[in-house]
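As structure tokens, the structure follows; a few thoughts come after it.
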Amino acid sequence: MLLRSCRVRETHRIFISSSRKFEMAPPILSLALPSETGRVLSIQSHTVQGYVGNKSAVFPLQLLGYDVDPVNSVQFSNHTGYPTFKGQVLNGHQLWELIEGLQANDLLYYTHLLTGYIGSVSFLNTVLEVVKKLRSINPKLTYVCDPVLGDEGKLYVPPELVAVYREKVVPVASMLTPNQFEAEQLTGFRIVSEHDGREACNKLHAAGPAKVVITSINIDGHLLLIGSHEKEKGQSPDQFKIVIPRIPAYFTVRTL
């Protein structure tokens, strides 16, 4: 009887001990099992049909070994270059709710932040708060900003976004990837040659980011990509160019 009583007490002790283990918070997988490459929070657009924003970025990043968490700034039926489109737009309050939800579960540790199309000043200002929050958790966070403003002389976004990007976003970005038109908007500098493209990179370095890639520059019908890396602040950056074949076609609207 005494032996049985001891066994019952021991079983009860093990059960209580096990229960307490299950009551403890589970390990944070993002920290316990970190990606060898990094964890990316990607705040970009999404289309049901076609490949832009998160639809085109998440899968390639995953193939490269990154752990990617997408936030869709908009969810549209198709690219806005088509005659019509339908969908939803995330506002700044909704974005911050997602950030709070991640933080409440200790899921807000990221090595990289990637941003693309943003359609309003309020949302962009919230993105700036996200940058602050993520860097308070990981001061080494790399912020890669694609300042989607427009192309070929036309803005895709409200004009007031240009000043916010120039004055607030560029200074906190680690890497900037504008096209020719966007680089001109951000620097106030006209780009009509390869030399101008390199100089625009220098101006953007002076404003903040150590890495700049002007993704496409149209010079006399030829497309160039110019990349620039300022390894030490104030020193001459390492720069390179890539000549891109130009295909005479328009790829958004399909005509029957």
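- Pairs passing the salt bridge (Lys or Arg N to Asp or Glu O under 4.0 Å) check and including a residue from residues 71-84, sequence neighbours excluded, do not occur.
- Of the possible donor and acceptor atoms, one in the side chain of Asn91 sits under 3.5 Å from a partner among the backbone N and O of Gln94.
- Scanning all heavy atoms of the two residues, the minimum distance from Ser45 to Val74 falls at CB-CG2, 3.5 Å.
- For the pair Asp146/Tyr117, no side-chain contact is recorded, criterion being any heavy-atom separation below 4.5 Å from C-beta on.
- For the pair Val170 and Pro209, the tightest heavy-atom approach, listed with the atom from each and the gap, is O-CD, 3.3 Å.
- For Asn72 (side chain) and His46 (main-chain N/O), no donor-acceptor pair under 3.5 Å exists by modelled atom type.
- Partners of Lys241 according to the side-chain hydrogen bond (donor to acceptor under 3.5 Å, both in side chains) rule, which considers only residues two or more places apart in sequence or in another chain, are Glu194.
- Taking Lys154 as the reference, nothing meets the side-chain hydrogen bond (donor to acceptor under 3.5 Å, both in side chains) condition, with sequence neighbours excluded.
- Note: Thr37 OG1 to Leu61 CG = 10.0 Å, rounded to the nearest 0.5 Å.
- Between the side chains of Tyr82 and Ser77, no donor N or O sits under 3.5 Å from an acceptor N or O.
- Under the 3.5 Å distance criterion, the side-chain polar atoms of Thr111 are matched with a main-chain donor or acceptor of Arg39.
- Within 6.0 Å of atom NZ in Lys55, more than 12 heavy atoms from other residues, nucleotides or ligands are found, so the atom counts as buried in its surroundings.
- Shown here are the ring pair (Phe, Tyr, Trp, His ring centres under 6.0 Å) partners of Tyr156, two or more places apart in sequence or in another chain: there are none.
- A tilted orientation is assigned to the rings of Phe85 and Phe76, their planes being inclined by 30° to 60°.
- Around the CD atom of Glu160, the shell of radius 6.0 Å holds more than 12 heavy atoms that belong to other residues, nucleotides or ligands.
- The main-chain N or O of Ser228 is never found under 3.5 Å from a side-chain atom of Gln239 such that the two would form a donor-acceptor pair.
- Remark: side-chain polar atoms of Gln180 are paired, donor with acceptor, to backbone N or O of Ile191 under 3.5 angstrom.
- With rounding to the nearest 0.5 Å, the separation of CD1 in Ile118 from CG in Leu161 is 7.5 Å.
- Minimum interatomic distance between Cys145 and Pro147 (heavy atoms only, all atoms of both residues): O-CD, 3.3 Å.
- Between atom OG1 of residue Thr84 and atom CG of residue Asn78 there is a gap of 6.5 Å, rounded to the nearest 0.5 Å.
- In this structure, Ser56 has no side-chain hydrogen bond (donor to acceptor under 3.5 Å, both in side chains) partners at least two apart in sequence or on a different chain.
- For Glu184, the side-chain hydrogen bond (donor to acceptor under 3.5 Å, both in side chains) partners at least two apart in sequence or on another chain are Arg190.
- No donor-acceptor pair under 3.5 Å is formed between the side chain of Gln44 and the backbone N or O of Pro70.
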